[in-house]
Amino acid sequence: MSSLETINWINEQFKNTNELVQKNLEYENKHILLFYIKSLINSEMLQKLIIKPFFEMSSEEQFNLYLQALPQFQEVQSKEQVHLEIMNGNILIVIQNKFYLLDFKLAKNDKVNSTSVETTIHGSQLALSDNLMTNINVIRSNYHQASLSVEYFVKGEVNQHKVAVIYDKEKVKNDVLDIIRKRLQKVDKQLITSTTQLGNLINDSRFSLFPQMIMTERPDRIVYNLAGGKVILLVDGNPQSIATPVVFFDFMTTMEDNYHTLFISLFLKILRYAGLFLSLLLPALYVGVTSFTPELFRTELALTVAGSRVGVPFSSFIEVLFMLFFMELLLEASIRLPKAVSATATTVGGLILGTAVTEASLASNIMVIIVSAVAISTFVIPVNEMAFSIRVVRLLLIIITSVFGLAGLVLGFFVLIMYLVNLDSFGETYLKIYTLSKNRKTTEEKT
């Protein structure tokens with residue numbers, strides 16, 4: 001196709017917008033044609049690196065060689081690439097019937113953020129930014145291996161966001177990488193706005209109760225996962241990444257475990273798993289014991305529980321559901337309210353609700369204690385996706401226990417274990433346990 005036909009095709013593609021600038025520069029025996037969208041490009045770079053050198057250089061051939069030497073330079077492979085790159089902030093230059101692209105994108109979102117979701121006391125407080133290239137720069141600055149590879153895909157028919165797949169060639173499992181590539185190619189969505197949305201689209205187990213990818217905003221956790229052979233996915237315009245494949249125990253690990261001594265890290269892990277089991281089993285255990293087998297309590301404790309429930313018109317099942325329902329409402333309210341009032345509103349609301357409920361005899365004092373303990377235990381789980389899953393499973397266990405008693409709770413817990421055993425994340429067993437000896441053996445085999 002001739003240069004004139006290509007120019008006409010470009011004008012045809014942008015006929016519905018007045019944003020496209022077509023600038024024709026002529027001086028002495030030199031002539032170039034520029035296409036760009038003014039709101040997307042850096043005007044200072046355009047003036048400094050293109051317009052000023054054009055009028056200073058003596059010949060068109062010299063200017064052509066100068067353009068090819070610029071680090072932002074890339075050749076045009078197809079018309080579709082031209083359309084996409086202009087929309088991404090590139091400048092198309094037509095010189096001597098040749099088409100070149102220069103990346104002069106004006107980036108207003110390239111500043112790195114501070115951690116807001118995965119906060120830690122020790123270690124880096126650096127988080128990802130909204131700019132894809134900045135995120136890759138941060139990752140490469142912390143992972144100094146020549147085997148680190150980045151593959152790019154364009155997804156979303158409307159916004160056409162760039163997706164980066166990052167992995168270490170020497171440590172990644174090729175089977176997992178092939179699965180991710182195939183599923184990315186099958187993604188057919190009009191709009192891709194976040195990394196987690198993309199993760200849901202490439203996940204075959206969409207109706208799974210537990211997440212098969214782990215979301216993180218921390219570069220140090222990304223580096224940790226890359227060193228473990230995981231694949232990282234980033235979407236331009238989103239400050240979170242997802243890592244896969246994962247196991248259940250990845251969701252119970254924080255980066256601070258690497259910053260403490262062995263005994264302190266072990267103590268904190270025990271606290272997390274204790275909180276996990278409390279938030280999962282305590283409400284159902286309360287329903288099972290009070291409604292079916294109160295003889296499991298000591299006499300004094302059984303009388304205390306019975307005395308606290310005097311005047312409560314509901315069964316323990318309705319009582320638990322009632323309190324957990326309002327606890328979930330408070331959690332959602334704390335997320336949706338403005339930051340300036342969210343903490344105060346939810347704290348005051350919880351105190352008033354707990355006091356009013358017990359004074360009105362709609363719930364027992366012990367029930368308020370149990371709900372508070374469950375809420376605190378849920379917050380101990382480091383990753384929000386796993387905390388959401390535990391909240392759903394907790395409700396299912398309460399329903400089963402209300403029908404079958406403690407036997408139903410035990411049966412439901414075993415069914416949960418069986419479900420996790422049969423679950424996988426991109427071919428990796430979900431309850432797989434990594435040991436030091438296995439890691440050493442794998443390293444020796446690759447060496």
Side-chain angles (χ1 to χ4, degrees), residues 1-111 129-137 140-141 149-164 236-237:
M1 181 178 289
S2 65
S3 59
L4 181 60
E5 291 178 345
T6 305
I7 292 172
N8 292 333
W9 182 86
I10 294 171
N11 289 323
E12 179 67 21
Q13 295 299 311
F14 290 93
K15 66 180 181 180
N16 294 323
T17 179
N18 57 359
E19 288 284 312
L20 182 68
V21 177
Q22 181 177 341
K23 187 180 292 291
N24 192 3
L25 298 180
E26 289 187 12
Y27 180 69
E28 295 179 348
N29 59 343
K30 296 175 293 183
H31 173 260
I32 63 171
L33 189 61
L34 303 178
F35 291 91
Y36 58 88
I37 295 178
K38 187 176 181 180
S39 58
L40 294 179
I41 63 126
N42 191 322
S43 301
E44 294 182 4
M45 293 180 65
L46 174 62
Q47 174 66 27
K48 181 179 178 181
L49 298 179
I50 301 296
I51 298 178
K52 186 177 179 182
F54 172 78
F55 289 101
E56 291 177 348
M57 292 185 182
S58 58
S59 65
E60 210 172 62
E61 289 76 11
Q62 183 182 4
F63 185 69
N64 193 358
L65 293 174
Y66 163 76
L67 290 178
Q68 297 182 35
L70 290 175
Q72 298 93 344
F73 172 84
Q74 60 176 319
E75 292 184 353
V76 174
Q77 304 294 334
S78 63
K79 295 187 301 181
E80 290 74 17
Q81 180 194 7
V82 171
H83 180 264
L84 177 62
E85 296 298 344
I86 290 177
M87 295 300 300
N88 283 334
N90 282 253
I91 296 178
L92 176 67
I93 299 180
V94 184
I95 179 172
Q96 295 179 345
N97 293 324
K98 294 181 180 178
F99 293 82
Y100 300 139
L101 287 166
L102 292 174
D103 186 5
F104 287 173
K105 183 177 182 179
L106 180 64
K108 293 293 187 181
N109 59 349
D110 56 348
K111 293 183 180 180
S129 76
D130 290 336
N131 186 272
L132 180 61
M133 292 299 111
T134 302
N135 293 336
I136 295 176
N137 173 268
R140 284 193 177 275
S141 300
S149 299
V150 182
E151 295 181 12
Y152 295 100
F153 298 83
V154 177
K155 292 298 169 185
E157 294 182 11
V158 176
N159 55 350
Q160 294 187 332
H161 268 334
K162 188 177 287 186
V163 178
D236 194 12

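Quantities reported herein were computed from a predicted structural model and do not represent experimental measurements.
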*Would a distance-only check, ignoring hydrogens and angles, find a side-chain to backbone donor-acceptor pair under 3.5 Å from N135 to N131?*
yes

*Interatomic spacing from CE in M57 to NZ in K52 - rounded to 0.5 Å*: 11.5 Å

*Which residue pairs satisfy the side chain to side chain donor-acceptor pair (under 3.5 Å) criterion with at least one member in residues 29-44, sequence neighbours excluded?*
E19-S39, N24-H31

*Intermediate values then yes/no, side chain to side chain donor-acceptor pair (under 3.5 Å), Q68 and N64*: CA-CA 7 Å; Q68 297 182 35; N64 193 358; 3.2 Å; yes

*Does the side chain of Q72 pick up a donor-acceptor pair with the side chain of N90 at under 3.5 Å?*
no

_Gap between atom CD1 of I32 and atom CG of L92 - 0.5 Å precision_ = 11.0 Å

*E151: what forms a salt bridge (Lys or Arg N to Asp or Glu O under 4.0 Å) with it, not counting sequence neighbours?*
R181

_Rounded distance (nearest 0.5 Å) linking atom CG of D103 with atom CE of M133_ = 8.5 Å

*Would you check if F35 and I86 make a side-chain contact, meaning some heavy-atom pair closer than 4.5 Å?*
yes

*Which atom names give the shortest non-hydrogen contact between Q62 and S58, and what distance separates them?*
OE1-OG, 3.0 Å

*Mind checking whether N88 and L40 have side chains closer than 4.5 Å, heavy atoms only?*
no

*Do Q96 and E61 come within less than 4.5 Å of each other through their side chains, counting heavy atoms only?*
yes

_OH/Y27: more than 12 non-hydrogen atoms of other groups inside 6.0 Å_ = no

*Going through the checks in order, is the side-chain contact (heavy atoms from CB on, under 4.5 Å) test met by L33 and Q22?*
CA-CA 7 Å; L33 189 61; Q22 181 177 341; 3.9 Å; yes

*Could you tell me which residues satisfy ring-ring contact (aromatic ring centres under 6.0 Å, His included) with F54, sequence neighbours excluded, listed by chain and number?*
F63

*I41 and G89: which non-hydrogen atoms are nearest, and at how many Å?*
CG2-O, 3.7 Å

*Does the side chain of I91 reach to within under 4.5 Å of the side chain of L101, using non-hydrogen atoms?*
no

*Would you find a donor on one side and an acceptor on the other, under 3.5 Å apart, between the side chain of Y66 and the backbone of L49?*
yes

*Are any non-hydrogen side-chain atoms of L67 and I50 less than 4.5 angstrom apart?*
yes

*Kindly give the heavy-atom pair with the smallest separation between V150 and A164, and that separation in Å.*
CG1-CB, 4.1 Å

*Partner residues of F153 under the ring-ring contact (aromatic ring centres under 6.0 Å, His included) criterion, sequence neighbours left out*: none

*Please confirm whether the backbone N or O of Q81 pairs with a side-chain atom of E85, one donor and one acceptor, at under 3.5 Å?*
no

*Within a strict 4.5 Å, meaning less than it, do heavy atoms of the Q13 and L20 side chains meet?*
no

*Go through the steps to decide whether L34 and L25 satisfy the test side-chain contact (heavy atoms from CB on, under 4.5 Å), and finish with yes or no.*
CA-CA 8 Å; L34 303 178; L25 298 180; 4.1 Å; yes

*Sequence neighbours excluded, which residues qualify as ring-ring contact (aromatic ring centres under 6.0 Å, His included) partners of F14?*
H83

*asked:* For N97, give me all partners under side-chain hydrogen bond (donor to acceptor under 3.5 Å, both in side chains), at least two apart in sequence or on another chain.
replied: S3

*asked:* Are F99 and I93 packed together at the side-chain level, in the sense that at least one heavy-atom pair is separated by less than 4.5 angstrom?
replied: no

*Heavy-atom side-chain contact between V21 and I37 under 4.5 Å*: no

